[in-house]
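Quick caveat: nothing in here was measured; it's all calculated off a predicted structure. Letters A, B, ... are given to chains in the order of the sequence lines, protein chains preceding strands, and every chain is numbered from 1.
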Amino acid sequence: MNGIREHIAARRVVLDKLRGALIERLQIDRAPEEMDPDVALFGSGFGLDSLDAVELVVFLETEFGVKVPEAAPYLLTGSMRSLNTLADLVLSQPKADAHVA
Amino acid sequence: MSLETEVRAIRLAVALSELPGRVCLRLAGKSVESLLNRICPCDLFIRDGQMQQTLFLNDDGNPLADVFVCADGEDFLLLAEGLTAIGLTEYLRTSQNSEEEIRITDLTSDHSLLSLNGPYAWELLSEVISTEIIGLPFSAFYHGEDFTCFRTSATGEFSYELLIPRDQADKWRERILKIGKVFDLENVGAEALRLCALENFVFNIHADAIGDVTPLELQLQWRVSYKKTYPGSAALLERRKHYTHRAVLVAATAEMKNGDRVRIENRDVGILLNTGYSFDRKEWLGLALVDRDWAYSDVPVECMPGITGLIGLIGLIGIIGINEQGVTARAIASQDMTAPAIASPGTASPARIISAPAINNRSLFVDPQRHTYAGRGEKVFPSLIHGWPQ
């Protein structure tokens, strides 16, 4: 069970950083605890747009070292759905542990 | 036609459905905007032709209706589900001050609502109506000669709702079906729409708003403000201090049923509210209310057959009713009290909490400026199951 708790702790760190990025960089006028993790980032939900997407990509690379394969940009599209899918992306990166620790 | 065929049409082509539970009201009068601002939990920021998704809550903060507020010139349209036209009108009248002048017309009394969902719904509609439809943004609507077209979100795919006079509904349906043949259009029912909404974590007021749940538990805080007063606002502010559960998606290879218990470390941490089989994921999905301490993606859980009837109700209350507010009468009234109160012993099945949405919608990758249904085979689209290379 310690593994589960460690996993939860790691995800919480990533989610908190992502919430912070949405508030500080994308000016989402919400308190962090109001930003539910499965809410849609684009369209309904947080209502982000394509400019916000670019900002998020930069943040993911600088903060978490996320690299999008040039040949497969759709992988990023599929990950930019909610805070949780972004966290999935971050946590699946080989360097994620180093960044999160 | 099988349920799987219906879901495939929604996910890969176009699906037509009728929305008998949907209500459309026209609100007119100089006091409408102030009334809506008073009862909507969100801050209303909409211009003419735009729609904003919100909820109508009771005084305990429980969702009563899932609502699009549409600004239509000096009037407003409400596109709602969860309350009947009479119930919705009553809700509005109850909130109305005596000096306010508001005229309410139930458009669905003599109109039908047809819904088109799918990655190529825009293309079919462009042939049925006009190419103008391609430029209709999400959460916007416009009036045609004899219809109103709303662009909504019901399944994660391109989604449109057509409000048409009832005496012309057959004509419209026939035309859509005729043109739809080349799009492999299917008529789909409520169950297929429910499954697709579940896969996409789209709120379904009929299936998800079970018991004493509020936007806090349902991950619907984006639809509410904590800075204004509206029906249920005081309850939400109080509950925000100590709510214990969050609705998350759970996936499993073994069948899951509504009412099944979610367990971690041999103790109950949640309950499944809304379940179904995902044909694309080839596994069962469920919306579960899970203890917030454990409600994180990739957490392995176990699902145990639940308890139905009165004991199940008590179990549900035990899980979601742990708050200083106690359990509302609505929570009790909303449960099925007719089922036998028999515990299903069963065995635990492995499951896991997953991130929403559970589907990598094809509509994300279909560009109306470049793609067509006829040419779909020329492009390789990503899998409907998202994932990042490990």
Practice problem: Spell out, as yes or no, whether a donor-acceptor pair under 3.5 Å connects the side chain of A:Thr85 to the backbone of A:Ser79. | Solution: yes
Quiz item: What option among B:Val299, B:Asp298, B:Ile354, B:Leu220 has the most heavy-atom pairs under 4.5 Å with chain A?
Solution: B:Asp298
Self-check item: Test: B:Arg151 cationic atom under 6.0 Å from B:Phe158 six-membered ring centre, within 45° of axis
Solution: no
Quiz prompt | Full working for side chain to side chain donor-acceptor pair (under 3.5 Å) between B:Asn117 and B:Glu157 | solution = CA-CA 6 Å; B:Asn117 284 277; B:Glu157 308 297 345; over 6 Å; no
Quiz item: Under a 4.5 Å heavy-atom cutoff, which of B:Ser383, B:Ser297, B:Ala295 has the most pairs with chain A?
Solution: B:Ser297
Quiz item: Hey, which of B:Pro215, B:Ser153, B:Ala356, B:Ser225 has the most heavy atom pairs under 4.5 Å with chain A?
Solution: B:Ala356
Exercise. Under the ring-ring contact (aromatic ring centres under 6.0 Å, His included) rule, what do A:Phe42 and B:Phe138 come out as? Steps first, then yes or no, please.
Key: CA-CA 10 Å; A:Phe42 297 86; B:Phe138 174 70; over 10 Å; no
Quiz item: Which bit of B:Pro300 comes within less than 4.5 Å of chain A, counting heavy atoms only: side chain, backbone, both or neither?
Solution: both
Exercise. Specify which of B:Gln52, B:Arg240, B:Gln221, B:Gln53 makes the most heavy-atom pairs with chain A at under 4.5 Å.
Key: B:Gln221
Exercise. Please look at A:Leu15 and chain B and tell me whether the side chain, the backbone, both or neither of the residue comes under 4.5 angstrom of a heavy atom of that chain.
Key: side chain
Quiz item: Hey, which residues of residues 22-35 of chain A are touching chain B, say heavy atoms under 4.5 Å apart?
Solution: A:Asp29, A:Arg30, A:Ala31, A:Glu33, A:Glu34
Quiz item: Checking heavy atoms, do the side chain of B:Ser139, its backbone, both or neither come under 4.5 Å from chain A?
Solution: neither
Quiz item: So, does A:Arg81 use its side chain to make a donor-acceptor pair with the main chain of B:Ile359 at under 3.5 Å?
Solution: yes
Practice problem: Indicate, with yes or no, if the rings of B:Phe56 and B:Tyr230 have centres closer together than 6.0 Å. | Solution: no
Exercise. Locate the shortest heavy-atom distance separating B:Ala247 from B:Leu289; write the atom from each residue and the value.
Key: N-CD2, 3.9 Å
Quiz prompt | Structural part of B:Asn200 lying under 4.5 Å from a heavy atom of chain A | solution = side chain
Practice problem: Would you confirm whether B:Lys379, through its side chain, and B:His371, through its main-chain N or O, come within 3.5 Å as a donor-acceptor pair? | Solution: no
Quiz prompt | Steps toward salt bridge (Lys or Arg N to Asp or Glu O under 4.0 Å) verdict (B:Glu217, B:Arg246) | solution = CA-CA 4 Å; B:Glu217 288 84 6; B:Arg246 177 188 293 145; over 6 Å; no
Quiz item: After noting the C-alpha distance and the side-chain angles of A:Asp88 and B:Ser355, does the key distance pass the side chain to side chain donor-acceptor pair (under 3.5 Å) rule?
Solution: CA-CA 8 Å; A:Asp88 289 343; B:Ser355 299; 2.7 Å; yes
Exercise. May I have the step-by-step check of side chain to side chain donor-acceptor pair (under 3.5 Å) for B:Glu283 and B:Ser278, ending in yes or no?
Key: CA-CA 6 Å; B:Glu283 62 184 352; B:Ser278 171; over 6 Å; no
Quiz item: Which atom names give the shortest non-hydrogen contact between B:Thr54 and B:Pro41, and what distance separates them?
Solution: OG1-CD, 3.2 Å
Practice problem: Measure B:Gln219 against the heavy atoms of chain A and call it side chain, backbone, both or neither at under 4.5 Å. | Solution: both
Self-check item: Neighbours of chain B found in residues 43-58 of chain A - heavy atoms under 4.5 Å
Solution: A:Gly43, A:Ser44, A:Gly45
Quiz item: Distance-only, no hydrogens or angles: does the A:His7 side chain make a donor-acceptor pair with backbone N or O of A:Gly3 under 3.5 Å?
Solution: no
Quiz item: How far does CZ of B:Phe365 sit from CZ of B:Phe381, to the nearest 0.5 angstrom?
Solution: 9.5 Å
